[in-house]
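Any value given below was found using the heavy atoms of this structure, including those in side chains, with hydrogens, waters and symmetry copies removed.
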Amino acid sequence: MKVNIIFLDYQRHDFTKQVKEHNFRNSGHDFDVVEIDMKGISAAINKGIQLSKGYDAFVTMANDILMQDNWLKGMVTAATAIPMTGMCG
């Protein structure tokens, strides 16, 4: 499954580097990333979705959440195990 991470950055630059290093290193699945500086969450997510065309799935990720190990692998496993899955988290 080809996955794109829409990484939303909003004035937390001090924490952003730590979040990206941790979450990207511990994903357990290959992915691409588009980073968006937020002016508003809806506009940022919509822009990220537009940039995710051609992917099987996308993940929205804020710059203040640390995920558990293999978090993306778990989401991909869940999404592919159940046909027609629309969302998982």
Side-chain angles (χ1 to χ4, degrees):
M1 177 175 275
K2 188 174 174 185
V3 179
N4 193 31
I5 296 175
I6 302 168
F7 190 82
L8 307 172
D9 190 0
Y10 182 69
Q11 300 176 358
R12 290 290 312 270
H13 305 294
D14 56 322
F15 199 51
T16 297
K17 182 179 178 185
Q18 178 186 356
V19 169
K20 288 194 313 189
E21 287 175 357
H22 174 82
N23 290 348
F24 295 173
R25 180 181 60 245
N26 296 311
S27 71
H29 187 81
D30 292 334
F31 58 88
D32 292 325
V33 178
V34 60
E35 226 175 300
I36 301 187
D37 288 324
M38 287 176 41
K39 303 292 184 225
I41 191 161
S42 297
I45 291 173
N46 286 337
K47 182 177 180 181
I49 291 170
Q50 289 174 343
L51 296 171
S52 297
K53 300 282 191 229
Y55 288 85
D56 300 313
F58 64 86
V59 174
T60 58
M61 178 180 290
N63 65 336
D64 59 354
I65 305 276
L66 292 174
M67 304 294 281
Q68 65 185 7
D69 289 352
N70 293 311
W71 63 270
L72 185 55
K73 180 180 179 181
M75 286 185 182
V76 168
T77 299
T80 56
I82 303 169
M84 303 300 292
T85 298
M87 182 182 293
C88 64

Does any N or O in the side chain of His29 come within less than 3.5 Å of the main-chain N or O of Met1, such that one atom is a donor and the other an acceptor?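 Yes: the side chain of His29 pairs with the backbone of Met1.
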Give a yes or no answer on whether the side chain of Asn23 reaches the backbone of Met67 with a donor-acceptor pair at less than 3.5 Å.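 Checking the backbone N and O of Met67 against the side chain of Asn23, a donor-acceptor pair under 3.5 Å is found.
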What is the minimum heavy-atom distance between [X] and [Y], and which atoms define it?
| X | Y | value |
| --- | --- | --- |
| Val33 | Asn4 | N-OD1, 3.5 Å |
| Thr85 | Ala78 | OG1-O, 4.0 Å |
| Ala44 | Ile36 | O-CD1, 3.4 Å |
| Met38 | Tyr10 | O-CD1, 3.7 Å |

Inter-residue atom distance [X].[atom1] - [Y].[atom2], 0.5 Å rounding:
| X | Y | atom1 | atom2 | value |
| --- | --- | --- | --- | --- |
| Ile6 | Asn46 | CD1 | CG | 9.0 Å |
| Asp69 | Asn26 | CG | CG | 4.0 Å |
| Ser27 | Gln68 | OG | CD | 12.5 Å |
| His22 | Leu66 | NE2 | CG | 5.0 Å |
| Met75 | Thr77 | CE | OG1 | 11.5 Å |

Do [X] and [Y] sit in the same hydrophobic cluster, where Ile, Leu, Val, Met, Phe, Trp and Tyr count as joined when their side-chain heavy atoms come under 4.5 Å apart?
| X | Y | value |
| --- | --- | --- |
| Val59 | Ile41 | no |
| Trp71 | Phe15 | yes |
| Val3 | Leu8 | no |
| Ile5 | Val34 | no |

Side-chain donor-acceptor pair present, Asp9, Asn63, cut-off under 3.5 Å: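 Yes, because at least one side-chain N or O of Asp9 sits under 3.5 Å from a partner of the opposite role on Asn63.
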Side chain to side chain contact (heavy atoms under 4.5 Å, CB included) between Lys20 and Glu35: does it pass, once the steps are laid out? CA-CA 10 Å; Lys20 288 194 313 189; Glu35 226 175 300; 3.0 Å; yes
Consider side-chain contact (heavy atoms from CB on, under 4.5 Å). Of Phe58, Tyr55, Phe24, which one does Phe31 pass it with?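 For Phe31, the side-chain contact (heavy atoms from CB on, under 4.5 Å) test succeeds with only one of Phe58, Tyr55, Phe24, which is Phe24.
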Using a cut-off of 6.0 Å, state whether more than 12 heavy atoms not belonging to Asp30 lie near its atom CG.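 Incorrect, the count does not exceed 12.
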